[in-house]
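Worksheet for the structure shown next.
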Amino acid sequence: MSRHEIDVYLEGLDEPKRTTLSQMRDTILSVIPDAEECISYTMPAFRIQGKVVAGFAAFSNHLSYLPHSGSVFAQLKSELSGYTLTKGALHFPVDTPLPRALVAQLIDVRLRQAFGADLEHGAI
């Protein structure tokens with residue numbers, strides 16, 4: 001059901017937002033292929049073992065990557081220097097997807113926060 005809800009969310013967007021966030025979805029799933037797609041706080045999100053570890057959203061003048069943690073960005077300050085940040089969102093242009101390498105780093109930090117030692121020992 002949640003995959004369908006994300007499909008509906010994306011279908012409701014104008015271009016280029018739809019294409020850019022569809023690419024974001026594909027990128028996130030390429031990094032964490034076993035993630036469960038869901039809706040969290042009315043926005044598309046991705047869950048591992050019940051914990052939301054990534055998400056995205058469209059706004060009037062930008063798109064946002066959402067790590068679902070207020071402390072992810074502090075660990076990637078230099079990598080994020082060209083982007084506008086709030087405590088819980090990384091803003092990016094409506095027509096420019098985030099680089100896969102950056103998304104992978106963001107997810108890696110979030111997974112380490114969420115799962116710590118379990119991640120190190122291959123339990124995730």
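Remember, it's a predicted structure, so these values are computed and weren't measured experimentally. Values below: every heavy atom of this structure, side chains too, minus hydrogens, waters and symmetry copies.
- Side-chain contact between Q23 and T19 is present, with at least one heavy-atom pair separated by less than 4.5 Å.
- Heavy atoms from other residues, nucleotides or ligands lying under 6.0 Å from OH of Y41 number 12 at most.
- L10 places none of its side-chain heavy atoms less than 4.5 Å from the side chain of K17.
- Under the 4.5 Å side-chain heavy-atom criterion for grouping Ile, Leu, Val, Met, Phe, Trp and Tyr, I6 is not connected to M43 through any hydrophobic cluster.
- A donor-acceptor contact under 3.5 angstrom links the side chains of Q113 and S71, judged on distance only.
- P97 approaches D95 most closely through the heavy-atom pair CD-O, 3.9 Å.
- Counting only distance, with no hydrogens or angles, the side chain of S2 and the backbone of E5 share no donor-acceptor pair below 3.5 Å.
- M24 has its side chain within reach of L98: a pair of non-hydrogen atoms, C-beta onward, lies under 4.5 Å apart.
- Between L102 and Q105, the closest side-chain pair of non-hydrogen atoms falls below 4.5 Å.
- Of all non-hydrogen atoms in H68 and A45, the two that sit nearest each other are NE2-CB, 4.1 Å.
- Using a cut-off of 4.0 Å between Lys/Arg side-chain N and Asp/Glu carboxylate O, D7 and R25 are scored as salt-bridged.
- Residues F92 and T84 are not in side-chain contact: their nearest non-hydrogen atoms beyond the backbone lie 4.5 Å or more apart.
- One distance of note links CG of L13 with CG of L21; it measures 6.0 Å at 0.5 Å rounding.
- The backbone N or O of P67 lies less than 3.5 Å from a partner atom in the side chain of R110, making a donor-acceptor pair.
- H62 is not listed as a side-chain neighbour of P93, based on a closest heavy-atom distance of 4.5 Å or more.
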**OP:** Could you walk me through whether L85 and H91 pass side chain to side chain contact (heavy atoms under 4.5 Å, CB included), step by step?
**Re:** CA-CA 6 Å; L85 303 172; H91 298 183; over 6 Å; no
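- A salt bridge links R112 with D108: at least one charged nitrogen is closer than 4.0 Å to a carboxylate oxygen.
- The aromatic rings of F46 and F56 are tilted relative to each other, their planes meeting at an angle between 30° and 60°.
- Closest of all the heavy-atom pairs between Y9 and A58 is OH-N, 2.9 Å.
- T20 places a side-chain N or O within donor-acceptor distance of the main-chain N or O of V94, the cut-off being under 3.5 Å.
- The cluster map of Ile, Leu, Val, Met, Phe, Trp and Tyr, joined by side-chain heavy atoms under 4.5 Å apart, puts L29 and V52 in different clusters.
- Note that CZ of F115 and NZ of K51 are 5.5 Å apart. Values are rounded to the nearest 0.5 Å.
- Among the candidates V53, L66, L76, the single residue satisfying the side-chain contact (heavy atoms from CB on, under 4.5 Å) test with L106 is L76.
- Both V31 and F73 sit in one connected hydrophobic cluster of ILVMFWY residues. Membership requires side-chain heavy atoms under 4.5 Å apart, directly or through other members.
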